[in-house]
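Okay, structure first, notes after.
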Amino acid sequence: MTLRPGHQRADLRAIARQAMQERGLWAEFGPAVQEQVKSIDGPAREPGADVRDLTGLAWASIDNDDSLDLDQLTAVEEGRGGAVTTLVAVADVDALVGQGTPIDQHARHNTTSVYTGAELFPMLPPRLSTDLTSLNPGAERLAVVVELRVDSQGMVLGSQVYRARVRNKAKLAYDGVAAWLEGTGPMPQAMAAAPGVDDQVRTQDRVAQALRRQRQEHGALDLETIEPRPIFAGETLAELRADRPNRAKQLIEDFMVAANGATARFLDQAGIPALRRVVRSPERWRRIVALAAEHGARLPEEPDARALQAFLVERRQADPLRFPDLSLLVVKLMGAGEYVVEQPGQRPVGHFGLAVRDYTHSTAPNRRFPDLITQRLLKSVLAGRPAPYAPDDLQALAVHCTAQEDAANKVERRVRKSAAALLLEHRVGEQFDGVVTGQSEKGTWVRVFQPPVEGRVVQGFRGLEVADRVRVRLVATDVERGFIDFARTSA
């Protein structure tokens with residue numbers, strides 16, 4: 001690939017498309033898909049006794065500012081004794097995307113939307129994912145609802161799954177909701193325009209915090225990693241912005257974890273094989289123990305999520321600046337998540353990082369194919385039909401979805417590296433403060449604080465150790481390959 005001087009969004013798009021091709025992912029929808037999209041005349045409509053009318057609830061979506069593919073809505077209803085009925089409505093994508101159709105075949109191949117910052121490669125055609133199957137504000141849509149009864153301590157007392165019609169009353173964004181909840185910003189305009197949504201979100205926040213405390217007592221890990229995304233001013237790359245955790249993101253995360261757990265248990269009780277999302281007990285636990293020892297902490301010899309969480313809490317308080325780098329090391333040592341098929345009654349592998357035994361992916365069917373698979377399994381149970389996937393096909397899909405997710409992550413990481421090099425290409429010779437994030441035979445790596453990018457130390461790396469504070473000078477960038485080279489300086 002030949003890039004012209006003065007790289008902009010178009011060059012990052014070209015890099016993204018080349019990376020998609022190299023990883024075996026489809027960047028375009030084929031003619032058969034486009035023809036199928038044209039044949040769909042509107043959102044799915046399925047009136048019937050088994051589809052409840054929940055359009056009157058004060059549903060709201062909370063997502064990224066620029067998200068158009070809205071997968072879930074949340075609502076709550078106060079009950080007696082402090083228990084709260086918590087509802088998560090998930091877009092019924094299966095109602096418009098039939099199994100084995102061209103759209104389904106494309107989604108099955110890629111298995112996920114790929115978000116590169118320079119260009120989005122959606123799993124489903126935009127007319128579906130951002131319109132007909134998106135839970136857009138004011139639009140009536142079909143959904144699969146997971147209903148949970150949660151007590152004041154964050155214990156899930158019971159759950160059920162059913163189909164319903166819903167209507168989004170307010171499209172909200174993480175940052176605005178978080179600022180309002182924390183008292184540092186005004187009520188979001190969309191919330192103010194929808195009576196009752198403010199009380200809903202306050203209650204949801206209370207329930208979410210109780211759910212989180214309950215999981216943390218069981219060892220759910222409090223991790224924070226930095227994955228800056230490119231922000232453009234028109235076609236010009238303006239900055240790399242690191243997304244930070246906040247109350248609104250935690251709210252949605254806690255509701256989704258609870259809903260995914262209830263979904264996994266529902267399918268297990270129905271007696272059918274299902275996809276589970278698992279993170280196994282770390283095989284490299286000894287290295288995690290050694291990492292903790294480097295910070296003066298002692299972990300048990302056998303994997304212990306509670307002990308690891310206590311160590312992470314202590315390190316976040318002691319060194320918040322370098323906590324994201326420690327988090328990244330722990331994530332790498334724990335190993336990647338994967339999809340597996342679990343049989344009814346089988347002892348679950350579980351998710352070590354979330355400290356939950358029962359977990360699947362079910363709440364983002366516009367963006368992830370495993371969630372669409374799970375939705376079809378749920379609907380087959382609700383309708384009393386045979387499972388839509390044979391056991392051998394489900395097993396092959398688990399392996400395929402894991403591999404394609406890894407490929408998509410590599411595409412996104414590749415473009416982030418090129419965007420970082422692009423942002424710095426005119427700053428060769430400048431000096432930056434940073435921290436050493438990695439050291440191996442392949443090289444020594446440093447993350448500079450502003451902008452939040454990582455590069456290789458090619459000069460003066462001897463004697464540097466992971467977590468060392470260091471000052472470096474930028475000596476070279478390569479946008480096409482995503483390389484950033486630094487030299488250590490004593491100044």
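The chain is numbered in sequence order, starting from 1.
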Apply side chain to side chain contact (heavy atoms under 4.5 Å, CB included) to Leu211 and Phe255, showing your working. CA-CA 8 Å; Leu211 288 167; Phe255 273 31; 4.1 Å; yes
Is there side-chain contact between Val150 and Thr85, with heavy atoms separated by less than 4.5 Å? no
Tell me, yes or no, whether the heavy-atom count around Glu78 atom CD, taken from other residues, nucleotides or ligands under 6.0 Å, exceeds 12. yes
No-hydrogen, no-angle side-chain donor-acceptor test under 3.5 Å, Asp69 and Thr130: no
Taking the side chain as everything from C-beta on, heavy atoms only, tell me whether Arg17 gets closer than 4.5 Å to Phe121. yes
Should Leu308 and Ile288 count as side-chain neighbours, where that means a heavy-atom distance under 4.5 Å? yes
Asn136 and Ser134: side chain donor to acceptor below 3.5 Å: yes
Less than 3.5 Å apart, any donor N or O on the side chain of Asp371 or Ser362 sitting next to an acceptor on the other? no
Sequence neighbours left out, what passes side chain to side chain contact (heavy atoms under 4.5 Å, CB included) with Pro230? Give chain and number order. Phe232, Leu237, Leu240, Ala419
Pair Glu412-Thr116, side-chain donor/acceptor within less than 3.5 Å: no
Does Phe323 form a side chain to side chain contact (heavy atoms under 4.5 Å, CB included) with Leu312? I'd like the steps, not just the answer. CA-CA 8 Å; Phe323 183 73; Leu312 291 170; 4.1 Å; yes
Taking every non-hydrogen atom, the tightest pair across Val411 and Ala19: CG2-O, 3.6 Å
Within the distance-only criterion (no hydrogens, no angle test), does the side chain of Asp268 pair as donor or acceptor with the backbone N or O of Gly345 below 3.5 angstrom? yes
I'd like to know if the side chain of Gln36 reaches the main chain of Ile103, judged simply by a donor and an acceptor atom lying under 3.5 Å from each other, with no hydrogens or angles considered. yes
Kindly assign one of parallel, tilted or perpendicular to the pair His361 and Tyr339, based on the angle between their ring planes and the thresholds 30° and 60°. perpendicular
Taking everything shown except Lys171 itself, do over 12 heavy atoms lie less than 6.0 Å from its NZ? yes
Does CD belonging to Gln343 count more than 12 external heavy atoms closer than 6.0 Å? yes
More than 12 foreign heavy atoms under 6.0 Å from CZ of Arg149: is that the case here? no
Write down the atom of Val453, the atom of Ala420, and the distance for their closest heavy-atom approach. CG1-CB, 3.5 Å
Checking side chain to side chain contact (heavy atoms under 4.5 Å, CB included) against Thr133, which of Ile40, Leu70, Leu128 comes through? Leu128
Could you walk me through whether Gln200 and Lys169 pass the side chain to side chain contact (heavy atoms under 4.5 Å, CB included) check? CA-CA 11 Å; Gln200 278 279 313; Lys169 300 297 195 297; over 6 Å; no
What do the steps show when you test Asn246 against Gln250 for side chain to side chain donor-acceptor pair (under 3.5 Å), and what is the final call? CA-CA 6 Å; Asn246 60 43; Gln250 290 175 347; over 6 Å; no
Tell me the closest heavy-atom pair linking Ala387 and Leu377, and the distance in Å. CB-CD2, 4.3 Å
Any side-chain heavy-atom pair from Asp92 and Arg141 closer than 4.5 angstrom? no
Would you say the side chains of Arg376 and Tyr389 form a donor-acceptor pair under 3.5 Å? yes
